[in-house]
Amino acid sequence: METFPKIISVDDHTVEPPNVWRDRLPSKYQDIGPRIVRAPLKEMTFLGGKFAPVMGAPGDDGPIGDWWVYEDLHRPLTRLDTAVGYSRDEIKLEVITYEQMRPGSFSVPERLADMDVNHVQSAVCFPTFPRFCGQTFTEAKDRELGLLGVRAYNDWMVEEWCGPDAKGRLIPLTLIPLWDARLAAEEVRRNAARGVRAVAFSEIPPHLGLPSIHTDEWDPFLEACNETGTVIAMHIGSSSKMPSTSADAPPAVGSTITFANCCFSMVDWLMSGKFERFPNLKIMYAEGQIGWIPYILERADVVWEENRAWGGVADKVHRPPSELFAEHVYGCFFDDAFGLRNLDDIGVDNVLYETDYPHSDSTWPKSKEVGEAQMGHLAPDVVDQLVRGNAIKLLGLTEDGLWGPSAPKV
């Protein structure tokens with residue numbers, strides 16, 4: 001390609017600085033709220049889609065890392081959280097400290113510099129310590145503290161990470177208190193009032209012990225998103241259960257089939273009737289890739305056409321699922337040549353580009369080169385739409401691809 005558009009990545013990640021909650025929680029929560037402790041690793045496994053670290057005591061043998069400690073939770077920073085800049089053979093499951101990670105993982109100026117290196121103009125960032133939809137706070141015992149933790153994260157995300165220093169290039173993605181749909185609706189509206197257009201949610205809520213979207217339990221939250229134009233962003237792993245085949249399957253099995261939860265989730269939504277009840281609702285699947293979508297839409301339409309009478313959807317899904325997908329659903333990819341060869345069967349309007357910085361799957365610093373190689377057969381206007389145009393429209397960005405409240409004033 002002569003020119004490749006500046007990328008708007010809809011799936012990057014932030015590693016929260018140590019002071020996010022200490023600076024924002026009441027003093028009575030300082031000793032039990034999220035905080036960083038430097039400690040040795042006793043043991044750590046990642047099998048069958050389950051991550052299981054054990055923190056050692058001071059003076060114990062073992063590699064030293066920085067750990068998030070919150071109530072009874074001990075979660076280390078790992079090389080997988082921030083792998084960019086390391087060779088593939090150096091990226092292992094190991095604990096690290098802040099000094100051992102690339103500064104762009106947690107510092108705005110360095111993040112913008114790394115975005116420049118990667119031909120990225122703007123980026124949406126998912127959390128690390130709260131996990132991909134804030135389930136860390138949902139699992140906590142103290143609900144009052146959990147709600148304060150969610151709000152503190154959102155304030156930091158909007159005011160600092162995406163604040164003036166970001167120059168409109170970092171696009172806020174906020175969290176909700178998943179345990180209460182009415183509180184979630186309040187938080188959506190609170191953040192929408194300051195320009196936020198995306199909120200994280202679980203791909204499969206029942207895996208977190210929460211109601212499914214086939215119930216009415218989520219309706220206050222969905223109505224708030226419908227009313228404010230807030231996009232529901234679901235990242236792979238946001239159900240705390242990565243796809244796997246057995247308890248002893250190596251991580252490579254789950255890494256190959258990471259899209260599976262997105263597949264299951266999308267069918268849930270298409271058969272839920274929610275898109276007809278909330279006609280402005282938009283959902284996106286971060287890091288789910290897109291190559292699997294055409295067959296799922298084909299199969300969903302066949303089931304709807306031939307089996308809806310006994311399939312439990314005749315009274316709530318009144319249009320073919322493929323039509324609902326075209327109006328409401330977005331697939332996100334960073335490396336999917338097969339999906340791009342079948343773009344017409346997915347829909348040019350329904351695809352977004354991402355770089356996954358700073359994770360081990362990230363295409364940084366070659367996201368432009370990967371895009372050029374995989375999109376070379378597409379017309380320039382289609383490439384522009386995938387790489388930035390769809391994101392600008394979906395996330396309500398300025399014409400220049402910046403987030404409004406923090407965009408530089410001309």
Side-chain angles (χ1 to χ4, degrees), residues 9 11-37 66-71 73 75 77 81-82 98 101-112 114-115 122-138 140 142 144-178 183-184 186-201 230 233 235 238 286 357-358 395 402-407:
S9 174
D11 170 33
D12 286 356
H13 298 264
T14 178
V15 176
E16 300 79 18
N19 63 332
V20 169
W21 288 275
R22 278 194 174 276
D23 287 354
R24 290 167 180 80
L25 292 177
S27 58
K28 69 177 182 176
Y29 290 122
Q30 292 295 306
D31 293 334
I32 57 173
R35 60 205 181 276
I36 285 290
V37 173
D66 284 333
W67 296 69
W68 281 106
V69 177
Y70 172 39
E71 292 189 340
L73 174 68
R75 198 277 190 193
L77 301 179
D81 293 329
T82 172
Y98 278 93
M101 70 174 67
R102 193 169 184 88
S105 303
F106 59 88
S107 172
V108 170
E110 286 86 352
R111 172 59 64 94
L112 298 185
D114 278 354
M115 289 164 63
S122 308
V124 175
C125 294
F126 283 81
T128 296
F129 165 70
R131 311 217 296 284
F132 295 148
C133 66
Q135 57 266 57
T136 293
F137 296 108
T138 299
D142 188 330
E144 179 184 359
L145 174 56
L147 181 58
L148 290 172
V150 167
R151 290 175 175 167
Y153 176 87
N154 291 341
D155 290 345
W156 169 79
M157 168 61 61
V158 175
E159 298 166 7
E160 291 195 34
W161 184 253
C162 301
D165 290 347
K167 303 174 184 178
R169 297 179 62 188
L170 294 173
I171 304 161
L173 171 75
T174 52
L175 305 177
I176 55 169
L178 290 162
L183 288 176
E186 291 177 11
E187 192 62 15
V188 166
R189 292 189 173 96
R190 182 175 83 94
N191 291 305
R194 46 185 177 174
V196 176
R197 286 286 299 274
V199 64
F201 190 64
T230 300
H235 195 284
S238 56
Y357 178 104
L395 298 170
L402 302 174
W403 179 54
S406 288

Task: Under 3.5 Å: donor-acceptor pair, side chain of Arg111, backbone of Gly104 - done: yes
Open item on the list: Are Arg194 and Pro405 packed together at the side-chain level, in the sense that at least one heavy-atom pair is separated by less than 4.5 angstrom?
Closed with: no
TODO: Give the C-alpha distance, both sets of side-chain angles, the deciding distance and a yes or no for side-chain contact (heavy atoms from CB on, under 4.5 Å) between Leu175 and Asn154.
DONE: CA-CA 7 Å; Leu175 305 177; Asn154 291 341; 3.8 Å; yes
Open item on the list: Tell me whether Thr128 contacts the main-chain N or O of Thr14 through its side chain, where contact means a donor paired with an acceptor under 3.5 Å.
Closed with: yes
Open item on the list: In the structure I gave you, are the side-chain heavy atoms of Leu170 and Val108 within less than 4.5 Å of one another anywhere?
Closed with: yes
- [ ] Check whether any side-chain heavy atom of Pro130 sits under 4.5 Å from a side-chain heavy atom of Phe137, and report yes or no.
- [x] yes
- [ ] Look at Arg102 together with Asp81 and state whether they make a salt bridge at an N to O cut-off of under 4.0 Å.
- [x] no
Task: side chain to side chain contact (heavy atoms under 4.5 Å, CB included) against Pro109, all qualifying residues, sequence neighbours excluded - done: Ser107
Open item on the list: Please give me the minimum heavy-atom distance between Ala192 and Thr230, naming the atom from each residue.
Closed with: CB-OG1, 4.2 Å
Open item on the list: Let me confirm one number: the CG-CD distance from Asp155 to Glu160, rounded to the nearest 0.5 Å.
Closed with: 9.5 Å
Open item on the list: Pairing donors with acceptors under 3.5 angstrom, does anything connect the side chains of Thr136 and Arg131?
Closed with: yes
TODO: Please report the closest heavy-atom contact between Cys133 and Ser238, naming both atoms and the distance.
DONE: SG-O, 3.2 Å
Open item on the list: Given 3.5 Å as the limit, does a donor-acceptor pair link the side chain of Asp66 with the main chain of Tyr98, or not?
Closed with: yes
Task: Aromatic plane relationship, Phe129 with Tyr70 - under 30° parallel, 30 to 60° tilted, over 60° perpendicular - done: perpendicular
Task: Side-chain H-bond candidate by donor/acceptor type, Gln30 with Arg22, under 3.5 Å - done: yes
- [ ] Kindly assign one of parallel, tilted or perpendicular to the pair His13 and Phe126, based on the angle between their ring planes and the thresholds 30° and 60°.
- [x] tilted
Open item on the list: If I take atom CG from residue Leu395 and atom CG from residue Leu402, how far apart are they, to the nearest 0.5 angstrom?
Closed with: 12.5 Å
Open item on the list: Are the side chains of Val15 and Leu77 in contact, using a 4.5 Å heavy-atom criterion?
Closed with: yes
- [ ] Could you tell me the separation between the CE atom of Met115 and the OG atom of Ser9, rounded to the nearest 0.5 Å?
- [x] 8.0 Å
- [ ] Answer yes or no: is there a donor N or O on one side and an acceptor on the other, between the side chain of Arg75 and the main chain of Trp68, under 3.5 Å?
- [x] no
Open item on the list: With a 3.5 Å distance limit and no angle check, can you tell me whether Asn191 reaches the backbone of Glu187 through a side-chain donor-acceptor pair?
Closed with: yes
- [ ] Give the minimum heavy-atom separation between Ser105 and Trp161, together with the two atoms involved.
- [x] O-CH2, 4.0 Å
- [ ] Please round to the nearest 0.5 Å and tell me the distance separating atom CZ of Arg190 and atom CD1 of Ile176.
- [x] 13.0 Å
Task: Glu71 side chain to Asp142 backbone, donor-acceptor under 3.5 Å - done: yes
Open item on the list: Quick check: do Glu144 and Tyr29 have side-chain heavy atoms less than 4.5 Å from each other?
Closed with: yes
Open item on the list: Once rounded to the nearest 0.5 Å, what's the spacing between atom OG of Ser122 and atom NZ of Lys167?
Closed with: 12.5 Å
Open item on the list: I need the single residue from Ile32, Leu148, Val20 that forms a side chain to side chain contact (heavy atoms under 4.5 Å, CB included) with Leu25. Which is it?
Closed with: Leu148
Task: Any donor-acceptor pair under 3.5 Å from Trp403 side chain to Gly195 backbone - done: yes
Task: Interatomic spacing from CG in Leu183 to CG in Leu178 - rounded to 0.5 Å - done: 11.0 Å
Open item on the list: What I'd like to find out is whether the side chain of Phe106 reaches to under 4.5 Å of the side chain of Pro18, using heavy atoms alone.
Closed with: no
Task: Side-chain (Trp21) to main-chain (Gly149) donor-acceptor, under 3.5 angstrom - done: yes
Open item on the list: Looking at Asp11 and Ala286, would you say the former's side chain and the latter's main chain have a donor-acceptor pair under 3.5 Å?
Closed with: no
- [ ] Taking all non-hydrogen atoms of both residues into account, name the closest pair between Met157 and Leu173 and its distance.
- [x] CG-O, 3.6 Å
